[in-house]
A.B. asks: 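Pasting a structure below so you can have a look.
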Amino acid sequence: MRDFSYSRAGSLDEARQATLAPGALLLAGGTTLLDLAKCGVTEPETVIDISHLPGLDAITVDEEGITIGALARMSAVADHPGVKAALPAVTESLSLAASAQLRNMATIGGNLLQRTRCTYFRDPATFPACNKRNPGSGCSAIGGVTRNHAVLGTSEQCIASYPGDMAIALVAFDAVLDLGTRQVPVEDFFLSYADAPEKETVLQPGEMILGVKLRNTAAGMRSTYLKVRDRQSYEFAAASAAVGLEFDEDGKTIKDIRVALGGVASKPWRARAVEHALVGKVLEAETVAYAARLAMDGAVSYSDNLYKIELAPRVVTRAILTVGGLA
Ligand SMILES: Cc1cc2nc3c(=O)[nH]c(=O)nc-3n(C[C@H](O)[C@H](O)[C@H](O)COP(=O)(O)OP(=O)(O)OC[C@H]3O[C@@H](n4cnc5c(N)ncnc54)[C@H](O)[C@@H]3O)c2cc1C
Ligand code: SF4
């Protein structure tokens with residue numbers, strides 16, 4: 001790991017100013033930043049500690065919705081009864097992520113900005129070719145082992161998948177990020193890796209995530225996050241789905257439905273085609289299974305990850321039937 005200088009930000013403004021310097025990175029829980037520094041993917045000149053800044057760890061739930069500060073710990077949000085009542089999909093996405101120890105350290109802002117788990121990306125010494133680390137150098141994953149790679153939003157430049165869980169639930173429920181000077185829907189915050197894999201979000205130097213806001217919705221209250229992975233804990237998603245459902249007054253016709261996918265795409269992936277196909281339909285297993293296949297429109301696989309094209313619609317189907325009371 002290369003030497004870097006460390007400083008504690010005295011204020012929010014100081015932290016934002018500091019990010020304008022080349023090679024400067026913010027430190028929140030440190031669980032991603034230090035990992036990436038150790039394996040040589042990130043080589044910061046300066047690390048600016050923001051973990052102690054006051055007022056950024058609040059979690060508020062009221063009649064409008066949920067507001068979560070960027071420095072709120074994953075465990076604090078996962079354990080918050082108000083969040084669980086208003087949006088169980090967010091609670092579940094956090095409870096199923098990482099480990100208890102990591103959730104106690106890691107923050108909401110840092111969680112959103114975690115980087116792909118592509119093995120080639122994380123091993124620069126063995127695999128110098130990686131367009132995400134070094135634009136124009138090629139992609140070591142294509143032609144290699146691609147079991148954990150994405151099938152949606154990819155290109156011949158990069159097939160890495162976005163690994164986080166919470167962002168999937170946030171995208172499904174139209175969460176908005178507070179960047180201080182502007183508010184950005186989480187869905188627009190993330191960029192698809194396709195054309196410029198090195199650019200993952202719209203965050204600019206001088207900006208930082210201050211918090212996230214979610215409006216209360218009936219579909220949010222009836223929501224879930226289903227994560228399928230190689231082992232039951234401490235593992236990233238092979239495929240996951242955040243879904244929410246609201247019925248018409250008849251209790252069986254779908255009035256509002258939210259579907260977003262994780263583990264299969266280059267960014268948190270809203271499956272609008274599935275939503276459009278199901279609004280106004282009576283909830284039935286066959287209808288849902290048929291619509292769920294639309295989530296894979298445009299999917300491209302590289303042999304090892306072909307299974308995701310079959311798995312993801314099944315995950316979506318099961319999640320919808322679960323919140324609909326049919327599973
Ligand atoms: C072994 C392991 C397993 C994991 N499993 C999962 C999993 O199953 N699911 C899952 O979702 N995640 C998983 N994670 C990822 C984990 O959730 C993240 O490491 C964590 O959430 C990052 O938060 P942090 O506060 O530690 O971020 P840090 O490491 O402090 O920061 C991460 C990045 O975000 C930037 N940053 C931090 N805060 C801000 C801010 N407010 N504004 C702007 N930039 C900011 C930093 O500069 C850095 O670039 C796993 C991690 C590990 C190590
Ligand atoms: S898939 Fe993306 S992150 Fe992985 S090696 Fe290829 S370019 Fe790098």
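Both counts, for ligands and for their atoms, begin at 1 and track the order of listing.
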A.B. asks: Please could you name the atoms of ligand 2 that Tyr120 approaches to less than 4.0 Å, counting only its heavy atoms?
C.D. replies: 5 (S)

A.B. asks: Starting from atom 15 (C) of ligand 1, find the nearest protein heavy-atom neighbour and note its residue, name and distance.
C.D. replies: Gln114 OE1, 3.5 Å

A.B. asks: Could you tell me whether Leu102 approaches ligand 1 through its side chain, its backbone, both or neither, with non-hydrogen atoms closer than 4.0 Å?
C.D. replies: side chain

A.B. asks: Looking only at protein heavy atoms, which one is nearest to atom 41 (N) of ligand 1, and what is the separation?
C.D. replies: Ile209 O, 2.9 Å

A.B. asks: When only distance counts, is Gly29 in polar contact with ligand 1, meaning an N/O pair under 3.5 Å?
C.D. replies: yes

A.B. asks: For ligand 1, which is the ligand I care about here, please tell me if Leu203 has any N or O atom under 3.5 Å from one of the ligand's N or O atoms.
C.D. replies: no

A.B. asks: Between ligand 1 and Arg117, is the shortest N or O to N or O distance under 3.5 Å?
C.D. replies: no

A.B. asks: Between Leu33 and ligand 1, is there a nitrogen or oxygen pair with a distance under 3.5 Å?
C.D. replies: yes

A.B. asks: Parallel, tilted or perpendicular, judged at 30° and 60°: which one describes the rings of Tyr120 and His149?
C.D. replies: tilted

A.B. asks: Would you say Cys158 has an N, O or S atom lying under 2.8 Å from atom 2 (Fe) of ligand 2?
C.D. replies: yes

A.B. asks: Do we see a donor-acceptor contact under 3.5 Å between the side chains of Thr224 and Glu92?
C.D. replies: yes

A.B. asks: Please determine if Tyr234 has a nitrogen or oxygen closer than 3.5 Å to a nitrogen or oxygen of ligand 1.
C.D. replies: no

A.B. asks: Flag Ala106 as yes when one of its N or O atoms lies below 3.5 Å from any N or O atom of ligand 1, and as no otherwise.
C.D. replies: no

A.B. asks: Between Ser51 and Asp49, is there a side-chain donor-acceptor contact under 3.5 Å, judged purely by atom types and distance?
C.D. replies: yes

A.B. asks: If you take all heavy atoms of Val202 and Glu207, which pair is closest and at what distance?
C.D. replies: O-OE1, 4.0 Å

A.B. asks: Do Met296 and Leu278 belong together in a cluster built from hydrophobic side chains that touch within less than 4.5 Å?
C.D. replies: yes

A.B. asks: Nearest to atom 27 (O) of ligand 1, what protein heavy atom do you find, and at what distance?
C.D. replies: Gly110 CA, 3.3 Å

A.B. asks: Measure Gln157 to ligand 2 on non-hydrogen atoms and call it side chain, backbone, both or neither using the 4.0 Å cut-off.
C.D. replies: backbone

A.B. asks: Testing Arg258, Lys213, Arg215 for side-chain hydrogen bond (donor to acceptor under 3.5 Å, both in side chains) with Asp174, which one passes?
C.D. replies: Arg258

A.B. asks: So is Arg147 actually on top of Tyr307's ring, under 6.0 Å and inside 45° of the axis?
C.D. replies: yes

A.B. asks: So, Thr60 versus Thr67: side-chain donor-acceptor pair below 3.5 Å or not?
C.D. replies: no

A.B. asks: If we only count N/O pairs under 3.5 Å, is Asp35 in contact with ligand 1?
C.D. replies: no

A.B. asks: Got an N, O or S from Cys118 under 2.8 Å of atom 4 (Fe) of ligand 2?
C.D. replies: yes

A.B. asks: Has ligand 1 got any nitrogen or oxygen that is less than 3.5 angstrom from a nitrogen or oxygen of Gly109?
C.D. replies: no

A.B. asks: In the protein, which heavy atom is nearest to atom 7 (C) of ligand 1, and how far is it?
C.D. replies: Ala98 N, 3.1 Å

